[in-house]
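No hydrogens, no waters, no symmetry mates; every other heavy atom, side chains included, goes into these values.
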Amino acid sequence: MASPATLPISSPQSTAASGAQSQPPIATPAFRSFISRLSSSIRQGFAQRRPWYELLDRTSFARPDSVAEAASRVRKNFSYFRVNYISLLAGVLALSLLSHPFSLLVLLALLGGWFFLYLFRPSDQPVVILGRTFSDRETLGILVVSTIVVVFLTSVGSLLISALLVGLAIVCAHGAFRVPEDLFLDDQEPGNVGFLSFLGGAASSAAAAAAPAVAARV
């Protein structure tokens, strides 16, 4: 008489372990929290954007009489058009990267390496490349060296600096020639309201989201 067939039984621990291994490394609560906070900060920042027709009103342009007046205009216009100006800087930077696809791919690969391999990688999932397991310190060292090489020894760093300088030149030129007397400026408005608060909020969100993962590796 033939013995009955034995059915394979998987324990809950092995099922949970296999599920954790099959889960994408980037799909972590910290990364989802970071994306949620970042998108919320971007929406709040763009809600403070001024109408673009005010920025481009040709009847409000005049040559400044002195350098001091130009600097005063830049300061007042930046206080009023801060969201538009930073959006313009981001647009110049994006156009520069899109016009250099190789630099864009290198920068995206570098950012992806930081996200996938260190900041939002679960601490219980080591980095294994070509059969070799890298510790957290080795992974951090490789990422730091890669960042230094990409920023200072390739065209990516010079491209970013050039784009930022061009954007700042456009912003300063517009701010110097735009007469701010018709703008409804609130002198009591704090300097970090608007899109600058988005920058601070995004940075704090990144730090808060990445802090548990970094602390677990120290």
Side-chain angles (χ1 to χ4, degrees), residues 33-101 103-104 106-108 110-111 114-115 147 150-152 154-211:
S33 175
F34 169 74
I35 295 298
S36 177
R37 294 180 184 181
L38 182 62
S39 61
S40 176
S41 298
I42 291 176
R43 288 193 300 267
Q44 293 177 2
F46 276 108
Q48 303 292 330
R49 186 182 67 248
R50 306 296 182 179
W52 288 101
Y53 68 84
E54 291 187 17
L55 191 78
L56 303 175
D57 186 8
R58 291 185 293 179
T59 61
S60 299
F61 286 89
R63 188 178 65 180
D65 296 331
S66 63
V67 176
E69 182 183 357
S72 177
R73 287 184 182 182
V74 170
R75 184 174 61 254
K76 292 180 180 179
N77 283 318
F78 182 78
S79 178
Y80 187 80
F81 292 114
R82 63 170 66 89
V83 180
N84 304 76
Y85 283 160
I86 299 179
S87 300
L88 180 61
L89 286 174
V92 172
L93 184 61
L95 288 176
S96 299
L97 290 174
L98 289 176
S99 62
H100 297 78
S103 298
L104 177 60
V106 171
L107 186 61
L108 290 177
L110 181 62
L111 293 177
W114 276 102
F115 282 130
T147 302
V150 168
V151 173
F152 295 102
T154 66
S155 60
V156 176
S158 60
L159 178 65
L160 295 177
I161 294 175
S162 300
L164 290 176
L165 290 178
V166 170
L168 287 175
I170 296 174
V171 168
C172 291
H174 179 274
F177 284 87
R178 176 66 162 83
V179 180
E181 275 71 17
D182 62 331
L183 303 180
F184 297 95
L185 298 177
D186 187 2
D187 295 335
Q188 303 299 323
E189 185 180 10
N192 61 346
V193 175
F195 210 75
L196 291 183
S197 64
F198 151 68
L199 294 177
S204 61
S205 298

Pairs touching residues 161-177 that satisfy side chain to side chain donor-acceptor pair (under 3.5 Å), sequence neighbours left out: Y85-H174

Minimum heavy-atom distance V74-C172, with the two atoms named: CG2-O, 3.6 Å

Heavy-atom pair of closest approach, residues N77 and G175: ND2-O, 2.8 Å

Closest approach of R50 to N84 (non-hydrogen atoms, all atoms of both residues): O-ND2, 2.9 Å

Pairs under 3.5 angstrom only: tabulate donor-acceptor contacts from the side chains of residues 90-99 to other protein residues two or more places apart or in another chain.
unit_1	atom_1	unit_2	atom_2	d
S96	OG	V92	O	2.9
S99	OG	L95	O	3.1
S99	OG	S96	O	2.7

Closest non-hydrogen atom pair, A62 against R73: O-NH1, 2.6 Å

Atom pair CZ (F81) and CD1 (I86), whose distance is rounded to the nearest 0.5 Å: 14.0 Å

Spacing of F115 atom CZ and L108 atom CG [to the nearest 0.5 Å]: 11.0 Å

Shortest non-hydrogen separation from L89 to G167 and the atoms involved: CD2-C, 3.2 Å

Euclidean distance, L107 CG relative to L160 CG, rounded to 0.5 Å: 6.0 Å

With T147 via side chain to side chain contact (heavy atoms under 4.5 Å, CB included) - residues at least two apart: L110, W114, V151

CG on L168 to CG on L88, rounded to 0.5 Å: 10.0 Å

D57 backbone acceptor or donor facing R178 side chain under 3.5 Å: no

Between CD on residue E69 and CZ on residue R63, distance to nearest 0.5 Å: 11.0 Å

